Each structure stands twice: as C-alpha cells, then as structure tokens.
Q: 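Once you've had a glance at the structure underneath, I'll fire off some questions.
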Amino acid sequence: MDILKIYSDKELAQKILRAIYHEAEKIGREVRFMHVCGTHEDTVTRSGIRSLLPKNVKVLAGPGCPVCITPAEDIARMMEIMKKAREEGEEIILTTFGDMYKIPTAVGSFADLRSEGFDVRVVYSVYDSYKIAIENPDKLVVHFSPGFETTTAPAAGILNEVIEKNIKNFKVYSVHRLTPPAVEALIKQGTTFDGLIDPGHVSTIIGVKGWEYITKEYGVPQVVAGFEPIDFLMGLLMLLRIVRKGEVKIENEYTRVVKYEGNVEAQKTIKKLFDIVDAKWRALGVIPNSGLELKEEYKDWEIRTFYDVNVPKMPDLEKGCLCGAILRGLALPTDCPLFGKTCTPRNPVGPCMVSYEGTCQIFYKYGALF
Amino acid sequence: MCLAIPAKVVEIRESVAIVDFGGVRREARLDFVKDVKIGDYVIVHTGFAIEKLDEKTALESLKAWEEVFKVLEGE
Ligand code: SF4
C-alpha cells in the first residue's frame, strides 16, 4: 500500500462523507468550522469540498496566508533600506519568496524594485539565501523573511548557523507571525465558529500542545488536520462528532506527522533566537504577542538595526478590496465586487489575490468548481 | 510558500539530505529531525525537513477510522 496514495482514495472519501451527513443530520442546526491555512483552502477548493458537504456544514477561511498579512509598511521599509544602502554605496542583495515578491503596496512591490535595477532574487528557501551570502562574501544579503511557525523554523535553523559561524553578510528582515494569537484575536473581535481545523504544518512545529489553550480558554473544539482531501474531510467529521456530543476538546487527525509536543528541536531554536512581541497584521491591526523579533543579543542579524528609514503612512488595502473581511472569515472572495473583474492574478488589487495561498487567488484558480 | 510536502530521503550528507519528490530531487536540511535514514519519508518545507512521516501511525489511524465507519454504517 502506498502511504502517499491512501489519503486521496475515493472510496474512503465516500465513507467519510456518508459519516459527515449522518453526524450533520443529528446536529440539525448550522455548524461553522474555520481553518486558518492557505494550503487547507487549496485542498478545500481544489476538491470542491464545500459543494460536497451537507447544507448545514459551512467552512470558513481565516487568516491563512502569511504574505497577505505582512504589513505594507514593512515591504515599503525594506524598499527604502535598499535605496538608502545604494545612496551610501552598498548594494544589498534582497531575497524573498515568490509570492512575497509580487505583493502590492501603495508604493509598489519588490518586483517593481527589481525593475528599477535593484538586485532582488526569488528563493525557494532561506537556505538558498544563505548560500548566496556564502558565494558573495563581499556583498550583504538580506532575506525578507515572512511566515508562520512552519517557515519560522527554517529561518531560525539558518540564523542559528549564521550566528554560530559569525557570518556577518547575511541578515534578515523578520516579519514572522504566530498563528494561535491570531485565532484568539478573531474570537475576541467576534468571528464566531463552532470549531477550528488547525493547520497541520504549523502544528508540526508547535504540536497539538500549542493550540490547547484555545480550547481551554475559549471553549472552541479543534482538530489538527493534514492536507489531503481525506485528511480535511476526516478533520470535519471529527469536529462534527465533538460538536454532536457537546464536548469541548482537541483531537489530532494528522498523527502520521504531528506529535502532541510538536518539533521540540525547532521550538528550542526559535525560542533561543526570537522574542515574542505585539505585531501588526495587514488588514487585521495589531495583535498582541503575535510577532517574532530577533533578541537583543542577535540584533546584528536584523537589517533594521543598521538602517533607520521613514516610510509614509499608507492604506492597508485599495478602496473596495475585501481582504480584511476575508482574512477574518467574514466574507468569501465571491462577495467582493472586484473579484475576477478588476482584480485577477494578473492584475491583483489586494494581497489575497497575489499569493498562492491567498483565498482570492485559490478561488480564482479553481473558479470552475463554484 | 507555506506548502510542505512528503519526500523520500535518498542520500544523507551530514546535516543535509537529498530528497525525492516523486522524481524531482532537492536538498533538505536535517537540523530539526533526528535519526533520519535513507528510505524514510520526511515532510519538507522551504528546504527543511520539519518532521518524519510515521507510516506505522498512518496505517493504525486508518484502521481506527475503518472501525468508526463500521459502527456508523451499522447504526
Ligand atoms: S478579489 Fe481582489 S479586491 Fe477583492 S478582496 Fe480579493 S484581493 Fe481584494
């Protein structure tokens, strides 16, 4: 049996769906489940899961896209740093991920910066940026580093090596964010749901343990789920059973990868290097204890330590863009009048249409299924 | 960017593995996973193995699910 194929087995999916209908009927009322992961949204939309579910089971998409919520000011500040460095005679090589590269702001994107003649490179991994720094010892390489816990772990791994080897021509601009505080903020701001599907790969790092307090303090049932259609359906079924029995607990569907305690090595490295701080999320405002900043003793590896630039105040989103409501799980892209008309992946108006993990782009890509 | 996918370890060089994503081979750092052997599946995210894929647990959980379905279909 091929372990990678089982989770897309049609017959198994049918069985789970039958069980979902069974549970949903017993519950009777409408139940709303939220996920907070772009990859989950991809699974849901690609496999047309919303249209397969009973009418009273709704799936909401929360803030699952780290590049979508990276503040426009940080992108602008990084662009200003590149310009200031050039004025001072230093050429920075800026690296970042493909979707971050194209995110629009009122003052343009990193892609625009490159067309102005700056050295901006798209990388697949922070490890690639590190290699560029090793190959170019006379140049400064800065990795603009977004991402939730899953992406923070690799960044921490590379930074740890860079710091140990005292390599000075590699630095980061950290816009890393933590996901459980965002869920907590949504709950406090009034987004209501009957259960949460926890992102499997964030949970790989923080463990089931990292989510437990959401259930304990807010009474929200949760299931950690993987990314195959079977995983997501099974996650929904497990949540439905919890709701039907009136229980308040957290379960793990993705046991083949996620451990209760998470990846302890990765947690240790992140904790060693970063402090947890209040941080802004684009279109969502400042969320307490949701950002990661390099600790004082490692500030030599954070580019902002060396450049103090001013950026103008700018709007988070263009007029009419509903990304804010979409990231809160209050609207779907199809509620946006610009969706598919003025706003497409070729001409994105908001960040949710640019990123591969943005709910708008995912809806656009698989539009035929709606 | 967030995507993390399973890949098979085909070679190990100190802290870096060569992993195979169904035909495409790439490097994956092993900083955060211990005792990885050739032939293991790992979950790779932006060039890092973030966890091993535990086949035994996977098969056990599938079996447990089948039990759940049997009960439900009997109801
Ligand atoms: S479709 Fe475009 S304008 Fe509308 S919410 Fe999405 S990104 Fe914003």
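In the text below, chain A, chain B and the rest are named by the order of the sequence lines, each starting its count at 1. Predicted, not measured: the structure shown is a model, and the values here were computed from it.
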Q: Quick one: which of I16(A), V258(A), D128(A), V123(A) has the most heavy-atom pairs under 4.5 Å with chain B, could you say?
A: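 So the answer, after comparing I16(A), V258(A), D128(A), V123(A), is I16(A).
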Q: Check each atom of K268(A) against the heavy atoms of chain B and say whether the ones under 4.5 Å are side chain, backbone, both or neither.
A: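 No part of K268(A) comes within 4.5 Å of chain B.
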Q: Residue by residue, scan residues 17-28 of chain B and write down, ordered by number, those that have a heavy-atom distance under 4.5 Å to chain A; if none do, write 'none'.
A: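 Within residues 17-28 of chain B, near chain A: F21(B), R26(B), E27(B).
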Q: More than 12 non-hydrogen atoms from neighbouring residues, nucleotides or ligands closer than 6.0 Å to NZ on K8(B), yes or no?
A: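 Open.
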Q: Quick check on V16(B) against chain A: is it the side chain, the backbone, both or neither that has a heavy atom closer than 4.5 Å?
A: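 Just the side chain, heavy atoms under 4.5 Å.
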Q: Under 4.5 Å between any side-chain heavy atoms of H45(B) and T151(A), yes or no?
A: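 Yes, at least one pair of side-chain atoms sits under 4.5 Å.
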Q: Quick one: which of Y124(A), F227(A), Y254(A) has the most heavy-atom pairs under 4.5 Å with chain B, could you say?
A: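 Maximum pair count with chain B is reached by Y124(A).
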Q: Would you say that more than 12 heavy atoms from the other residues, nucleotides or ligands in this model lie under 6.0 Å from the CD of E25(A), or not?
A: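 Not buried by this count: 12 neighbours or fewer within 6.0 Å.
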Q: For I27(A), give me all partners under side-chain contact (heavy atoms from CB on, under 4.5 Å), at least two apart in sequence or on another chain.
A: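 Here the qualifying residues are R29(A), V31(A), L240(A), V243(A), R244(A).
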Q: Using every non-hydrogen atom in the two residues, find where E253(A) and W65(B) come nearest and quote the distance to one decimal.
A: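 Result for this residue pair: OE2-CH2, 3.0 Å.
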Q: Taking atom NZ of K37(B) as the centre, does the number of heavy atoms from other residues, nucleotides or ligands within less than 6.0 Å exceed 12?
A: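 No, because the 6.0 Å sphere around NZ of K37(B) holds 12 heavy atoms or fewer from other groups.
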Q: Does any non-hydrogen side-chain atom of D31(B) lie less than 4.5 Å from one of N160(A)?
A: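 In short, these two side chains do not touch, never coming nearer than 4.5 Å.
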Q: State whether the side chain of N263(A) and the backbone N or O of E51(B) hold a donor-acceptor pair below 3.5 Å, judged by distance alone.
A: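 No: the side chain of N263(A) does not pair with the backbone of E51(B).
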Q: Given heavy-atom pairs under 4.5 angstrom as the criterion, report whether the side chain, backbone, both or neither of S355(A) touches chain B.
A: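 Looking at S355(A), nothing touches chain B.
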Q: Begin with the C-alpha distance, continue with both residues' side-chain angles, and end with the deciding distance and a verdict on side chain to side chain contact (heavy atoms under 4.5 Å, CB included) for F48(B) and I158(A).
A: CA-CA 10 Å; F48(B) 267 70; I158(A) 291 299; 3.8 Å; yes
Q: Quick one: pull up CD in E161(A) and OG in S15(B) and give me the separation to the nearest 0.5 Å.
A: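 If we round to the nearest 0.5 Å, E161(A):CD and S15(B):OG are 6.0 Å apart.
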Q: One pair to check against side chain to side chain contact (heavy atoms under 4.5 Å, CB included): R256(A) and Y41(B). What are the steps and the verdict?
A: CA-CA 11 Å; R256(A) 64 191 187 278; Y41(B) 278 104; over 6 Å; no
Q: Could you tell me which non-hydrogen atom of I50(B) sits nearest to which non-hydrogen atom of T204(A), and how far apart they are?
A: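 Closest heavy-atom pair between I50(B) and T204(A): O-CG2, 3.7 Å.
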Q: Check whether any side-chain N or O of T46(B) sits under 3.5 Å from a backbone N or O of S125(A) as a donor-acceptor pair, and report yes or no.
A: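 Here the side-chain-to-backbone pair does not exist.
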Q: Which one wins on heavy-atom pair count under 4.5 Å against chain B: D42(A), T255(A), V202(A)?
A: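 When all of D42(A), T255(A), V202(A) are compared, T255(A) has the most.
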Q: Output the option from A156(A), G157(A), P154(A) having the highest count of non-hydrogen pairs under 4.5 Å with chain B.
A: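 Maximum pair count with chain B is reached by P154(A).
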Q: Within a 6.0 Å radius of atom NZ on K209(A), are there more than 12 heavy atoms belonging to other residues, nucleotides or ligands?
A: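 No, the 6.0 Å shell around NZ holds no more than 12 heavy atoms from other groups.
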Q: Under a 4.5 Å heavy-atom cut-off, does chain A meet the side chain of E60(B), its backbone, both or neither?
A: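 It is neither, since no heavy atom gets under 4.5 Å.
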